[in-house]
Amino acid sequence: MAVDERFARDFREARGDEPEGTRNEIVTGPVADWATDFSHTEPEWAADPYPIQDDLRQRCPIAHTPRFGGGWLPTRYADVAAIAYDTERFSSRSIIMSNFRPPRDVAPIGGSPPISSDPPFHHDARKLLLPAFTKKAVARQEPATRALCHSLIDAFDGQGVVDAARDYAQHIPMRVIAGMLGFPPADGPQFRQFVENTLEGINLPPDERITRMSALFDYLLAQIHDHIDNPREDLTTFLINAELYGRKLEPSHVAGTMALLLIAGIDTTWSAIGASLWHLARVPADRERLAAEPALLPTALEEFLRAYAPVTMARLVKQDMQWHGADMKADDWILLSFPAANRDPAQFERAAEVVIDRQVNRHAAFGLGIHRCVGSHLARMELRVALDVWLSRIPAFTLADPSMVTWSTGQIRGPRTLPLRLG
Amino acid sequence: MKIQIDSEVCQGHGRCYDLAPSLFGDDDEGYGKVLRAGVVPPGEEQNARLAVANCPERAIELIEET
Ligand code: HEM
Ligand code: SF4
């Protein structure tokens, strides 16, 4: 078999890394006014962002911050939707609001296609992935996912209190995506580290962040080499062989998309499962009803996704402009809060309440427009199976100690410590 | 009653084929498509309306025949 020259050298050397781009001064510390100085990395936001967002929606629906080199936070559904649809004026060149902006010439591809891509490239990079993530395709993962959920609960082994975030929710997406990419299941704990480095620690010095990212790409490169030597039926081999415009993908595209699938698949779904269990532990009426009426689960699950939407994205403003009254400058960030959009009373009746039999639920937890989450069918399957198995095995549970619950910081929000008392 | 999906607007969220599998299906890339040329059989009107009301992209149009 021919050697794949693309991966013979580290593609980062070929690209002449040490990425250029702009760095800004890192500002941390308590926020006095969220309308003029917001920060999604402060503990107050991590603990409970909804009162902050609800307040901003009323008094300053497009908030501003000088932190992160400047950015905006729209909290109305209509504004979030308009920005998600407007790929002419808002770029996905970076979708994590941090203290580093990648150089403009990374557009329209970006570091992790298709999430970092703009039209027209975005469409083609996305199209490659769609067939593997249809509802029918992901249904093939369901039996193994169900078996995994049962084995995780078996391992609780009669303990009275378990950490449902660490010992249950976390493992489900990790194992599913590792299986789809063809990575060893035992590598799970390493993925945890990669995810944390990418999505949390936003305010670490940029050089530190780059060093940590390198560990992820070293891992991916090792996997790519292993798959070149031993091709198999999985997404890694698929990406190595995939073609665009009559040519194999750039090595950085292969690795960037692998990184995206690994990162985007884990924290997000882990958060959704954890937040749903957290809600059910606190609201006995909903828990009892759902345990008694499993047919309600698909509807309830959409409501958990609306009310506790785990994913916030970012955009970069392309050019100076006035936008809905805001004086936006080129390269200002937009913190694109799908969670805030999902709680806008102008869009949802009883927006602040969790209504597990809500019939009309046009929520935006998986985004809107061309970047609609490629993994949404997979995530819904995992969430449904995780809750179904849990409720059938453990119909009664409560928060062991509300003060022990911790939430992740940054753009993906979900419980990271969730001690539940069983029975 | 008939239903129609604007394929320029549909992004493949799949709410329609989740909620009303007798009226909607998906293609190889997960985009929605109407079954039976979009004709809604008697008794299925409510499901059609539910799908319309839940499509995040507002891609489904309902055509009430007179
Ligand atoms: C509950 C779990 C999840 C939530 C809430 C979620 C949310 C989102 C959101 C809001 C976007 C839009 C990004 C944007 O507008 O910039 C997105 C994109 C994406 N997600 Fe998910 N996600 C979840 C799970 C997953 C899973 C399991 C995978 C696959 C392994 C995945 C893969 C992707 C990919 C590849 C994109 C990029 C799509 C594109 O740019 O065209 N996600 N996700
Ligand atoms: S719900 Fe709307 S966006 Fe989703 S597949 Fe159906 S028509 Fe398309």
Side-chain angles (χ1 to χ4, degrees), chain A residues 77-78 80-81 84-85 87 114 119 122-139 295 297-299 301-303 305-306 309 338 341-342 347-349 357-381 383-384, chain B:
Chain A
Y77 178 94
V80 170
Y85 288 129
T87 55
H122 168 265
H123 173 82
D124 301 319
R126 175 180 171 88
K127 198 175 163 67
L128 286 176
L129 296 178
L130 290 173
F133 288 94
T134 62
K135 197 177 172 188
K136 285 185 203 93
V138 302
L297 188 54
T299 309
L301 174 165
E302 296 301 325
E303 180 66 346
L305 285 167
R306 181 191 72 85
F338 297 112
N342 278 354
Q347 175 73 9
F348 299 93
E349 285 171 28
D357 58 1
R358 189 183 288 273
Q359 292 299 305
V360 174
N361 197 349
R362 202 175 248 147
H363 69 75
F366 291 110
L368 289 169
I370 63 168
H371 291 280
R372 186 271 302 169
C373 178
V374 165
S376 68
H377 302 284
L378 179 64
R380 282 184 163 114
M381 183 279 285
L383 185 54
R384 176 171 50 76
Chain B
M1 185 189 277
K2 289 190 76 172
I3 39 175
Q4 191 173 303
I5 293 180
D6 182 343
S7 59
E8 296 280 299
V9 178
C10 171
Q11 297 292 349
H13 289 259
R15 299 298 295 129
C16 57
Y17 49 86
D18 272 351
L19 289 164
S22 58
L23 299 174
F24 300 90
D26 62 342
D27 69 10
D28 292 344
E29 294 182 338
Y31 292 102
K33 61 180 188 197
V34 297
L35 304 178
R36 271 171 296 171
V39 176
V40 179
E44 290 281 342
E45 292 86 353
Q46 211 37 47
N47 284 335
R49 290 205 177 86
L50 194 63
V52 172
N54 279 284
C55 171
E57 308 288 346
R58 299 173 189 264
I60 313 172
E61 202 193 341
L62 199 75
I63 306 151
E64 307 259 9
E65 266 143 28
T66 42

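In what follows, chains carry the letters A, B, and so on, assigned in the order in which the sequence lines appear, proteins first and then strands, with residues in each chain numbered from 1.
Contact of A:L129 with chain B is not made at all, since no heavy-atom distance falls under 4.5 Å. Only the backbone of A:H363 comes within less than 4.5 Å of a heavy atom of chain B; no side-chain atom from C-beta onward does. Of the atoms belonging to B:D18, heavy atoms from both backbone and side chain fall under 4.5 Å from chain A. With a threshold of 4.5 angstrom between heavy atoms, A:F133 does not approach chain B through any atom at all. In this structure, no portion of A:R358 lies under 4.5 Å from any heavy atom of chain B.
B:L19 contributes atom CG, which lies 8.5 Å from atom CD of A:Q359 (distance to the nearest 0.5 angstrom). Remark: A:R372 CZ to B:Y31 OH distance equals 7.0 Å, nearest 0.5 Å.
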Pairs of donor and acceptor atoms involving the side chains of residues 4-16 of chain B, under 3.5 Å and at least two apart or interchain, shall be tabulated with distances.
| from | atom 1 | to | atom 2 | distance (Å) |
| --- | --- | --- | --- | --- |
| B:D6 | OD1 | B:E8 | N | 2.9 |
| B:H13 | NE2 | B:E57 | OE2 | 2.7 |

Taking distance alone, no hydrogens or angles, what donor-acceptor pairs closer than 3.5 Å link side-chain atoms of residues 46-53 of chain B to residues at least two apart or in another chain?
| from | atom 1 | to | atom 2 | distance (Å) |
| --- | --- | --- | --- | --- |
| B:N47 | ND2 | B:E44 | OE1 | 3.0 |
| B:R49 | NH2 | B:E64 | OE2 | 3.0 |

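Checking side-chain atoms of B:D28 against main-chain N and O of A:P131 turns up no donor-acceptor pair under 3.5 Å. Here the side chain of A:R362 pairs a donor or acceptor atom with the backbone of B:C55 at under 3.5 angstrom.
Interface summary for chain B: among A:A81, A:A364, A:G369, the most heavy-atom pairs under 4.5 angstrom belong to A:G369.
By the 4.0 Å N-to-carboxylate-O rule, A:K135 lies too far from B:D26 to be salt-bridged with it.
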